[in-house]
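Let me begin by presenting the structure, written as structure tokens, before commenting on it.
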Amino acid sequence: MTRNDVAFSDVSALEVLDSRGNPTLQVTLTDRDGVRYVAGVPSGASTGTREAVELRDGDDKRFGGKGVMHAVANVDGELADLLRSRTWASLADLDAAMIELDGTPTKSRLGANALVGVSMAAARAFAGGDPLWVSLRPADVEARLPVPHLNVLNGGVHAPNDLDFQEFMIAPVGAPSFPEAVRAGAAVYAALRSLLRTRGDATGLGDEGGFAPDIAQPEDVLRLIVQAIGDAGYPAGASGVAIALDPAASEFYRDGSYHVAGETLSSDDMIARYEQIAADFPVWSLEDGLAEGDWDGWERLTARLGERLQLVGDDIFVTNPAIITEAIGRGVGNSSLIKLNQIGTVTETLDAQRISREAGYTQMVSHRSGETPDPFIADLTVATGTGQLKSGAPARGERVAKYNRLLEIAATAPELPYGLTSEARLR
Ligand code: 2PG
Ligand code: MG
């Protein structure tokens, strides 16, 4: 049963490596009964400028300045003192106290990487004997298994190739169950590998486990993926496997223009290009199609394509309840990407999700390009009924840890519905 009286006897962090070989934190909490709760902190590469601050040491002699020993010391010191100082009635109570102790709007003093690790581990402590997805579920939400959005081809800052668009995901929206969706995803991934080999393209992997061939034009990649879906024996589109894009446009936006495969494009050129892509390919979702600072462009994008596409805000929303509220007011996007470390506590993440839900915005829970084997987001997506999760390719341990945790949940809770929510119906 979810607990309402947790007391901690020990709080500590360790500097460990993430999936890219960069340092990150592993946080361990021990409660008064001697039970340990562990969490691994994810880390992004294509980050939004308004994300909560990830505290890095900046000491060039260690990990090129990326060490996290200060954040570790903050967990072992101030945060440990706080957590051990009293009994906690709820995770919201504990998260609020950490935010107050940090005292900055962006968690820059103690570090969002320190806070989020403690918050995630504490969420496990509050779950008591319940599965995390059961204890995290808000009372008014129906738990649901998500459509996995598997990133099968990587570009942008996640791969050293010529491709400017960052992520090409396959989404088995037509699968009858989560296990069947994973099977479809793995089959398409294997078919894509064969296709690339046959063409003589490189089949090395990017940061999120997708292939990273040197193909510059997004449309050429889309053609290959549609072929791979067919080769694997599935219909491309709503009845089988659809496609989702995350161009991560902030990364190729410079001097007021978008730079794609050697072309210089305006916001309206980009919108027209996406409109054509949506007409030519079974693309159902577009994340960060425009840059985080291009709010006017986003308004026009939403007005023009919001009925046709799910328009997901990542760099622009940064899981921030205040920014999402502003976006809803301005008619920007129709869906929120949800990343715990962008905002820095589980409680604020759940707030961002509630605000999105109440406005009719859909949600996709997301990994980061730098990950640990911690499958926390698998439980989070089920608990909050988002119906969508992205965790990279069906390859690489830190990516499949999330899909495998969902397979476990599907097996232990066969009554859970699978698939997109009614708000996210394919347009
Ligand atoms: C994104 C993420 C995860 P990063 O842009 O959506 O795929 O990448 O963690 O590098 O910000
Ligand atoms: Mg993104």
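Order of listing sets the numbers, starting from 1, for every ligand and every atom in it. Only a predicted model underlies this, so the values are computations on that prediction, with no experimental measurement involved.
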Donor-acceptor pairs are to be reported for all side-chain atoms of residues 206-216 against protein atoms at under 3.5 Å, with residues two or more places apart or in another chain.
from	atom 1	to	atom 2	distance (Å)
D207	OD2	R20	NH1	3.4
E208	OE1	N151	ND2	2.8
E208	OE1	H367	NE2	3.3
D214	OD1	D162	N	2.9

Checklist line | Heavy atom of L337, distance to ligand 1 below 4.0 Å | finding: yes
Notebook entry, point to check: Going by the order shown, which atoms of ligand 1 are within less than 4.0 Å of some heavy atom of A45?
Noted result: 4 (P), 9 (O), 10 (O), 11 (O)
Margin query: Less than 3.5 Å apart, any donor N or O on the side chain of T384 or Q353 sitting next to an acceptor on the other?
Written below: yes
Notebook entry, point to check: Does Q388 offer a backbone N or O that forms a donor-acceptor pair with the side chain of T381 under 3.5 Å?
Noted result: yes
Check: Under a 4.0 Å heavy-atom limit, does N151 contact ligand 1 with its side chain, its backbone, both, or neither?
Finding: neither
Check: For the side chain to side chain contact (heavy atoms under 4.5 Å, CB included) test, which of I323, I316, I343 pairs with R50?
Finding: I323
Check: What is the nearest protein non-hydrogen atom to atom 3 (C) of ligand 1, stated with its residue, atom name and distance?
Finding: E208 OE2, 3.2 Å
Next item on the list: Scan for ring pair (Phe, Tyr, Trp, His ring centres under 6.0 Å) pairs involving residues 229-256, sequence neighbours excluded, and state none if there are none.
Entry: F165-F252, Y253-Y258
Checklist line | For ligand 1, the portion of D246 having any non-hydrogen atom under 4.0 Å away | finding: side chain
Note to self: Let's test this: below 2.8 Å, count the protein N/O/S atoms around the Mg ion (ligand 2).
What the structure shows: 3
Item checked: atom 11 (O) of ligand 1: the protein heavy-atom neighbour that sits closest, reported with distance to 0.1 Å -> R368 NH2, 2.7 Å
Check: Can a non-hydrogen atom of A248 be found less than 4.0 Å from any atom of ligand 1?
Finding: no
Notebook entry, point to check: Is a side-chain donor-acceptor pair under 3.5 Å present for Q166 with S46?
Noted result: yes
Next item on the list: Could you go through the salt bridge (Lys or Arg N to Asp or Glu O under 4.0 Å) check for R193 and D201 one step at a time?
Entry: CA-CA 9 Å; R193 182 196 286 117; D201 286 316; over 6 Å; no
Next item on the list: Report yes or no: do T421 and R357 form a side-chain donor-acceptor pair below 3.5 Å?
Entry: no
Next item on the list: Quick one: look up the protein heavy atom nearest atom 5 (O) of ligand 1 and list residue, atom name and how far away it is.
Entry: Q166 NE2, 2.9 Å
Next item on the list: With rounding to the nearest 0.5 Å, note down the distance linking CD in E51 to CZ in R368.
Entry: 4.0 Å
Item checked: D95: partners by salt bridge (Lys or Arg N to Asp or Glu O under 4.0 Å), with sequence neighbours left out -> none
Check: How far is atom 6 (O) of ligand 1 from its nearest protein heavy atom, and which residue and atom name does that atom have?
Finding: K390 NZ, 2.6 Å
Item checked: Nearest heavy-atom neighbours spanning L136 and A123 -> CD2-CB, 4.3 Å
Checklist line | Numbered atoms of ligand 1 (with element) below 4.0 Å of H367, judged on heavy atoms | finding: 3 (C), 7 (O)
Margin query: Give me the nearest non-hydrogen protein atom to atom 8 (O) of ligand 1 as residue plus atom name, then the distance to 0.1 Å.
Written below: H158 CE1, 3.2 Å
Next item on the list: Examine the proximity of ligand 1 to K339 and report which part, side chain or backbone, both or neither, has a heavy atom under 4.0 Å away.
Entry: side chain
